[in-house]
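Notes for the one structure printed next.
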There are 2 protein chains.
Amino acid sequence: MSRPTIKTVAAEAGVSTATVSYVLAGRTRSNGSGISPSTAERVQAAAQKVGYRPNQAARTIRTGKSNLMMLSLTMLSDPWSLSVSKAVGAAVASAGITPMILADTDWRTAIKRQSADVIFIDAAAQVGDAELLAELARTSRLVVFSETLEPNGFDVIRSVAGGSMDAAMDHLTAQHTKVACLTSRGSLQVPTPKRYGAYLAGLRRAGISFREDYVAPFEGDEFGAYEAAVALLSQPDPPTAIFATSDFVAMAAINAAQRLKLSVPGDVAVVGVGNTLQGEAMEPSLSSVGPVDFFNRLAQFLVERATDGSAPHQVLEFPWQLFVRDSAPRTPIPIDH
Amino acid sequence: MSRPTIKTVAAEAGVSTATVSYVLAGRTRSNGSGISPSTAERVQAAAQKVGYRPNQAARTIRTGKSNLMMLSLTMLSDPWSLSVSKAVGAAVASAGITPMILADTDWRTAIKRQSADVIFIDAAAQVGDAELLAELARTSRLVVFSETLEPNGFDVIRSVAGGSMDAAMDHLTAQHTKVACLTSRGSLQVPTPKRYGAYLAGLRRAGISFREDYVAPFEGDEFGAYEAAVALLSQPDPPTAIFATSDFVAMAAINAAQRLKLSVPGDVAVVGVGNTLQGEAMEPSLSSVGPVDFFNRLAQFLVERATDGSAPHQVLEFPWQLFVRDSAPRTPIPIDH
DNA sequence: ATGAAAGCGCTAACAC
DNA sequence: GTGTTAGCGCTTTCAT
């Protein structure tokens with residue numbers, strides 16, 4: 001037994017497919033004065049009876065609207081991603097939009113399989129992405145989070161780190177000389193690794209010489225970061241401060257420290273990047289650089305873009321600042337005992 | 001300028017739409033001996049030139065296949081959900097399927113907006129879900145995680161907790177008399193709260209009398225759990241052991257304890273439910289009850305269901321056991337100092 | 001080796 | 001007030 005269509009419903013109710021379509025759209029007909037209540041009722045009953053559910057693909061092909069928002073999140077376990085998802089979930093509630101997450105996938109290939117009214121891409125760092133995105137933007141509305149890309153048929157969300165990462169490094173070097181950097185191996189390979197660059201610059205400003213063994217690149221996700229942090233902190237002359245290039249990386253570092261019975265921030269201070277809720281809520285609360293009220297504003301923007309007909313492609317900037325919390329406090333604290 | 005279609009490509013290449021379709025499908029034609037290499041090349045070039053990208057909705061309406069797998073995950077920040085996502089991501093890689101996550105949404109409404117070849121639903125506890133699911137199963141392949149539902153046109157994944165939760169409680173009551181339960185308020189309201197039930201039964205077996213103030217129901221997500229745990233542990237006569245009804249709840253409890261400068265397991269022992277990777281990797285590693293190798297087997301099953309033509313609706317059972325780790329070890333350990 | 005054409009389920013002009 | 005009908009972009013059978 002195959003799936004019922006409007007045809008099935010129409011036959012059951014003894015009306016045309018057009019009538020069914022109108023009734024089910026809950027819309028009063030554009031010209032004329034509409035469907036008679038009795039007909040409407042009959043159609044509803046018929047739909048109910050045959051168990052009709054609209055075919056989204058057909059509706060999409062006809063209207064060009066899918067009512068879908070796609071969120072491409074490259075590291076779902078990153079609290080940053082979870083914060084995006086949560087904020088979007090709250091924001092779409094009343095807009096009739098369904099948010100779907102494309103997780104840990106290469107959006108470049110996956111996006112061809114599924115379109116949406118608005119697509120958010122959380123990281124587009126590869127060379128050549130610019131053209132692909134411009135291309136994609138012709139068919140879907142695109143919102144890209146990127147520090148380097150310029151809007152080109154799509155919108156760009158941008159962090160304006162400004163001096164905040166320098167402030168974070170200065171904050172660490174004020175009290176420490178053994179400052180390490182924990183970062184994903186991939187991020188070291190992009191042309192201008194901004195966060196890693198800030199680390200190097202911070203050392204230079206403080207007159208601290210670079211140590212190869214204080215750079216800990218990790219592979220993959222939080223597990224990889226955790227392993228790398230354990231290795232970093234287990235070496236003979238471990239660092240007393242860690243600049244982690246993301247909040248989830250920082251959280252992994254703190255977990256690693258605690259595993260090694262090291263006190264945070266007593267034995268090792270940690271600063272992250274992202275200023276996520278999860279970082280703020282953890283114990284010790286995470287010092288981090290990041291934007292204020294980022295997630296809600298992003299979600300709001302995405303909903304507008306999904307709804308809006310207009311498409312003024314713009315740059316939305318979020319200035320960053322350093323949030324000093326317990327994992328790397330203003331003044332040194334004595335080691336717990 | 002509107003999006004190019006096969007028509008555009010056909011015109012550009014000077015062939016028919018049928019030829020374009022065949023070339024782009026990379027398929028040799030069923031009857032006859034196929035497309036000539038020169039034509040194929042011309043079509044490819046034309047497609048490239050006009051920037052053609054197939055319209056998935058149109059393809060889906062025609063073929064009935066979307067190559068989409070939908071994962072409805074009610075609490076995305078739960079490591080359980082992340083583990084599902086990760087395992088699925090690895091499993092679909094070669095199958096040409098795109099997994100999309102429906103996060104923290106009510107699948108009952110959202111599912112009507114988007115169909116998929118296979119839909120996984122991680123929790124269907126409401127009364128009346130059975131009919132809705134049976135109904136949905138007529139159009140999409142459905143896989144439901146449920147302890148109570150019986151397969152009815154859809155597959156059921158089931159945890160067989162067996163005596164494992166009793167074992168967990170006995171494990172706690174062997175060393176503790178002040179055993180609390182941290183659980184979501186919602187789960188207390190279902191007819192038979194299995195995990196909470198195991199808590200109560202465990203107390204009874206150990207001859208420990210029930211204390212109202214040792215039941216800490218929380219609202220929402222890990223933040224709610226964290227707050228509830230702080231309150232639970234801050235009271236005048238705090239518990240020395242916590243039975244948390246999910247791994248993420250247990251992790252929140254451990255964070256709360258650490259915030260309050262309590263040692264885990266020295267001051268308070270914690271057991272979770274789910275046996276997630278994240279729980280295993282945290283510090284202290286989380287004692288938990290759950291299945292073995294659950295996530296990979298689930299992912300494998302989902303891929304099979306997305307690919308398979310056959311639809312033998314079955315129950316897949318995962319026996320649980322207690323995994324004793326550091327957060328509630330076999331033998332008591334002295335408090336750190 | 002290639003093209004013509006039907007039709008998937010749905011919506012929206014337009015006709016009655 | 002309701003029905004007819006033309007497609008949306010694509011795949012696939014059947015002719016040529």
Side-chain angles (χ1 to χ4, degrees), chain A residues 2-44 46-47 50-67 112-115 117 138-140, chain B residues 2-43 46-47 50-67 112-115 138-140:
Chain A
S2 82
R3 177 173 180 168
T5 73
I6 44 169
K7 250 181 180 159
T8 326
V9 178
E12 178 74 27
V15 296
S16 76
T17 60
T19 303
V20 174
S21 178
Y22 275 104
V23 171
L24 265 37
R27 200 184 327 169
T28 176
R29 239 162 139 168
S30 41
N31 65 339
S33 40
I35 303 282
S36 75
S38 71
T39 313
E41 210 167 313
R42 204 147 35 90
V43 171
Q44 294 285 12
V50 302
Y52 172 78
R53 291 190 320 111
N55 179 322
Q56 252 311 323
R59 191 171 278 181
T60 297
I61 199 185
R62 191 60 236 261
T63 62
K65 286 223 70 168
S66 61
N67 293 321
K112 296 176 181 164
R113 294 241 184 76
Q114 175 66 24
S115 68
D117 291 348
R138 288 173 41 190
T139 136
S140 295
Chain B
S2 83
R3 176 173 182 168
T5 72
I6 44 169
K7 250 180 181 160
T8 325
V9 178
E12 179 73 27
V15 296
S16 75
T17 59
T19 303
V20 174
S21 178
Y22 275 104
V23 171
L24 264 38
R27 200 186 326 170
T28 177
R29 243 165 136 165
S30 39
N31 65 338
S33 41
I35 303 283
S36 75
S38 72
T39 311
E41 210 167 313
R42 208 148 29 91
V43 170
V50 301
Y52 172 78
R53 294 190 318 111
N55 178 321
Q56 250 311 321
R59 190 171 278 182
T60 297
I61 198 185
R62 192 60 236 265
T63 62
K65 286 222 73 173
S66 62
N67 294 320
K112 295 175 182 163
R113 294 242 185 74
Q114 174 66 25
S115 67
R138 286 174 41 191
T139 138
S140 296

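In what follows, every chain begins at residue 1, and chains take the letters A, B, ... in the order their sequences are listed. Basis for what follows: all heavy atoms, side chains included, without hydrogens, waters or symmetry-related copies.
- In this structure, Ser16(B) and Ala58(B) both approach DNA chain C, and ranking their closest nucleotides by distance from the 5' end singles out Ser16(B).
- In this structure, Arg59(B) atom CZ and dG9(C) atom P are separated by 18 Å, rounded to whole Å.
- With DNA chain C read from its 5' end, the first of the two nearest nucleotides for Pro37(B) and Ala25(A) is the one closest to Pro37(B).
- Contact annotation: Thr39(B) reaches the phosphate of dT2(C) (side-chain N/O to OP1 or OP2, under 4.0 Å).
- Separating the CD1 atom of Ile6(A) from the P atom of dC10(C) is a distance of 5 Å, rounded to the nearest angstrom.
- Applying the 4.0 Å criterion to OP1 and OP2 of dC8(D), one finds that Thr63(A) has every side-chain N and O outside that range.
- Taking every side-chain heavy atom of Thr5(A) into account, dC10(C) is the closest of dC8(D), dC10(C), dT2(C).
- Residue Thr60(B) places no side-chain N or O under 4.0 Å from the OP1 or OP2 atom of dC10(D).
- Side-chain N/O atoms of Ser36(B) include one lying less than 4.0 angstrom from OP1 or OP2 on dT2(C).
- Distance Asn67(B) CG to dC10(D) C1': 14 Å, rounded to the nearest Å.
- Taking atom CZ of residue Arg53(B) and atom P of nucleotide dC10(D), one finds them 11 Å apart after rounding to whole Å.
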CA sep, side-chain torsions, deciding dist, call: Leu24(B), Tyr52(B), side chain to side chain contact (heavy atoms under 4.5 Å, CB included):
CA-CA 10 Å; Leu24(B) 264 38; Tyr52(B) 172 78; 3.3 Å; yes

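- Minimum atom distance to the side chain of Asn55(B) is reached by dC10(D), of the listed dC10(C), dC10(D), dA5(C).
- Atom NZ of Lys65(A) and atom C1' of dG9(C) are 20 Å apart (whole Å).
- In this entry the distance linking CD of Gln56(B) with C1' of dC10(D) reads 10 Å, nearest Å.
- Using a 4.5 Å cut-off on side-chain heavy atoms (C-beta onward), Val9(A) and Glu12(A) make no contact.
- The two residues Thr17(A) and Ala10(A) come nearest to each other via the heavy atoms N-CB, 3.8 Å.
- Taking atom CG of residue Leu24(B) and atom P of nucleotide dC10(D), one finds them 9 Å apart after rounding to whole Å.
- Among the nucleotides dA5(C), dC10(C), dT5(D), the one closest to the side chain of Thr17(A) is dT5(D).
- Using modelled atom types, one side-chain atom of Arg3(B) and one backbone atom of Arg53(B) make a donor-acceptor pair closer than 3.5 Å.
- Rounded to a whole Å, the CD1 atom of Ile61(B) is 11 Å from the C1' atom of dG7(D).
- Side-chain proximity of Tyr22(A) to dT12(D), dA13(C), dC10(D): nearest is dA13(C).
- For Lys7(B), the NZ atom counts as loosely surrounded, since its 6.0 Å shell holds 12 or fewer non-hydrogen atoms of other residues, nucleotides or ligands.
- Taking 4.0 angstrom as the limit, Tyr52(B) places a side-chain polar atom (N or O) nearer than this to OP1 or OP2 of dC10(D).
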